[in-house]
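Positions are given from 1, in the same order as the sequence printed here.
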Amino acid sequence: MSDVIRVDDLTFCYNGTTVLSDISLSIQSGDYLGIAGSNGSGKSTLIKNILGILQPSKGTVHLFGQPLSSFQQWQKIGYLPQRINALNYHFPCTVAEIVQMGIAKRNAAELQKTLRLMGIEHLSQKLIGELSYGEQQRMMLARALIRKPELLIFDEPTTALDPETRDVFYSITNDLNRDGTTVVLITHDTGIIGKYARHLLYLDKKVIFAGTFEDFCASPDMTGFFGSDSQHLICHQHDKMEIKL
C-alpha cells in the first residue's frame with residue numbers, strides 16, 4: 001500500500017513555544033486512524049500542518065506521494081475542521097447549495113441521500129443563518145461526505161451531534177473505509193476511537209504511541225501511561241468491534 005500521508009520530523013512552534021516536537025508518521029491508503037490526546041496536545045495543530053494551513057518550523061509533509069509544497073489535488077481530500085467559524089452565516093445560501101458547492105456534476109438523488117443520512121433532508125432549502133450549531137455541523141459533514149474523497153479528515157466531528165446522528169456518522173465513516181476511503185478521526189473520546197479505528201496515534205506534543213490497537217493493548221508502557229482501567233476501556237471497545245466484523 002502507498003502512503004496517503006507521510007510526516008517526517010515535524011516540529012511546530014508558536015510564539016516561541018513548541019507545540020509539536022519531532023512528529024513522524026505514515027498513513028497508508030485504506031487505513032482508519034484515530035488521533036487522540038488531551039486538550040492542548042497538538043491534535044488539530046498537527047492536521048493543520050499536514051494540510052498546509054500552518055507551516056512547520058522544521059520537517060516535511062507528503063500527501064499522496066507528493067511534497068506538500070507542490071500538492072495540487074485537493075479534490076482527493078475532505079476536511080472538516082473542529083470549528084466552522086469560517087462560514088458567513090449572513091450569506092444567502094441554502095443547505096443544499098452549501099453541500100454541493102464546488103461539485104462539477106451535481107446529482108439530486110445523491111444529494112437527498114446524503115442529507116437524509118445526516119438527518120437534514122428537511123432543511124435542504126433553509127438558509128445557513130437559520131440553522132442551529134448542530135444542524136450546521138451536520139450540513140458540513142454532508143458536504144465532506146458527498147464528495148467521496150480518497151482521504152477524509154475529521155477534527156472532533158461529533159461534538160454538536162445528538163447520539164443518534166453520531167452513531168449514523170460513525171457507521172458512514174466505517175462503510176466508507178470498508179470501500180477503500182482513508183479516514184483520519186481526531187477525538188478526545190478514546191472509547192470511540194477503539195470502537196472504529198484500526199490504528200491509534202496518541203499525542204502529547206510528541207508521539208506517545210503509534211501503532212495498531214493490538215500493539216496498544218499489549219503494551220505495558222501504555223498501561224503505565226494510561227492506567228489499566230483506561231487502557232481496558234479502549235481495548236474493550238476495539239474487541240467488541242472486531243467481534244461484530
Would you say that [X] contacts [Y] through its side chain, given a criterion of any heavy-atom pair below 4.5 Å between the two side chains?
X      : Y      : answer
Ser24  : Val7   : no
Glu156 : Lys43  : yes
Tyr79  : Val184 : no
Val207 : Ile23  : yes
Thr173 : Leu185 : no

Glu110 and Lys105: salt bridge (charged side-chain N to carboxylate O under 4.0 Å, His left out), yes or no, with the steps? CA-CA 11 Å; Glu110 191 66 27; Lys105 295 182 180 180; over 6 Å; no
Should [X] and [Y] be regarded as members of a common hydrophobic cluster, given that ILVMFWY residues are connected when their side-chain heavy atoms come within less than 4.5 Å of each other, either directly or indirectly?
X      : Y      : result
Ile77  : Leu176 : no
Tyr32  : Ile153 : no
Ile146 : Leu151 : no
Leu131 : Leu80  : yes
Ile35  : Phe209 : no

Main chain of [Y], side chain of [X]: is a donor-acceptor contact present, judged purely on distance under 3.5 Å?
X      : Y      : result
Glu135 : Ser132 : yes
Thr94  : Leu127 : no
Gln100 : Ala96  : yes
Ser124 : Ile120 : no
Gln112 : Ala109 : no

side-chain contact (heavy atoms from CB on, under 4.5 Å) involving [X] - partner list, sequence neighbours excluded:
X      : answer
Ser38  : Ser41
Ile208 : Tyr202, Asp204, Lys206, Met222, Phe225
Cys13  : Thr11, Thr18, Ser57
Lys76  : Phe64, Gln73, Glu150

How long is the span from the [atom1] atom in [X] to the [atom2] atom in [Y], to the nearest 0.5 Å?
X      : Y      : atom1 : atom2 : value
Gln28  : Arg198 : CD    : CZ    : 10.5 Å
Leu145 : Lys113 : CG    : NZ    : 11.0 Å
Leu33  : Ile27  : CG    : CD1   : 4.5 Å
Arg143 : Ile103 : CZ    : CD1   : 8.5 Å
Thr181 : Leu152 : OG1   : CG    : 6.0 Å
Leu201 : Leu203 : CG    : CG    : 4.5 Å

Per the side-chain contact (heavy atoms from CB on, under 4.5 Å) rule, which among Thr182, Asp31, Val183 passes with Asn177?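 With Asn177 as partner, Thr182, Asp31, Val183 yield a single side-chain contact (heavy atoms from CB on, under 4.5 Å), made by Val183.
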Of all heavy-atom pairs between [X] and [Y], which one has the smallest distance, and what is that distance?
X      : Y      : answer
Met118 : Arg138 : O-CD, 3.0 Å
Ala144 : Pro149 : O-CD, 3.6 Å
Ile128 : Met139 : CG2-SD, 3.6 Å
Ile186 : Pro157 : O-CD, 3.8 Å

Just list the side-chain donor-acceptor pairs under 3.5 Å for residues 44-54, sequence neighbours left out, or say none.
residue, atom, partner, partner atom, Å
Ser44, OG, Gln82, OE1, 3.2
Ser44, OG, Asp155, OD1, 3.3
Ser44, OG, Asp155, OD2, 2.5
Asn49, ND2, Thr45, O, 2.8

Take Asp215 and Thr212 through the side chain to side chain donor-acceptor pair (under 3.5 Å) test and state the conclusion after the steps. CA-CA 5 Å; Asp215 290 340; Thr212 66; 3.3 Å; yes
Per the salt bridge (Lys or Arg N to Asp or Glu O under 4.0 Å) rule, what does the pair list look like for residues 50-73, sequence neighbours excluded? Asp22-Lys58
For Thr60 and Leu10, what are the C-alpha separation, side-chain angles and deciding distance, and is it a side chain to side chain contact (heavy atoms under 4.5 Å, CB included)? CA-CA 6 Å; Thr60 59; Leu10 185 147; over 6 Å; no
Whether Phe213 and Phe216 hold their rings parallel, tilted or perpendicular, with breakpoints at 30° and 60°: perpendicular
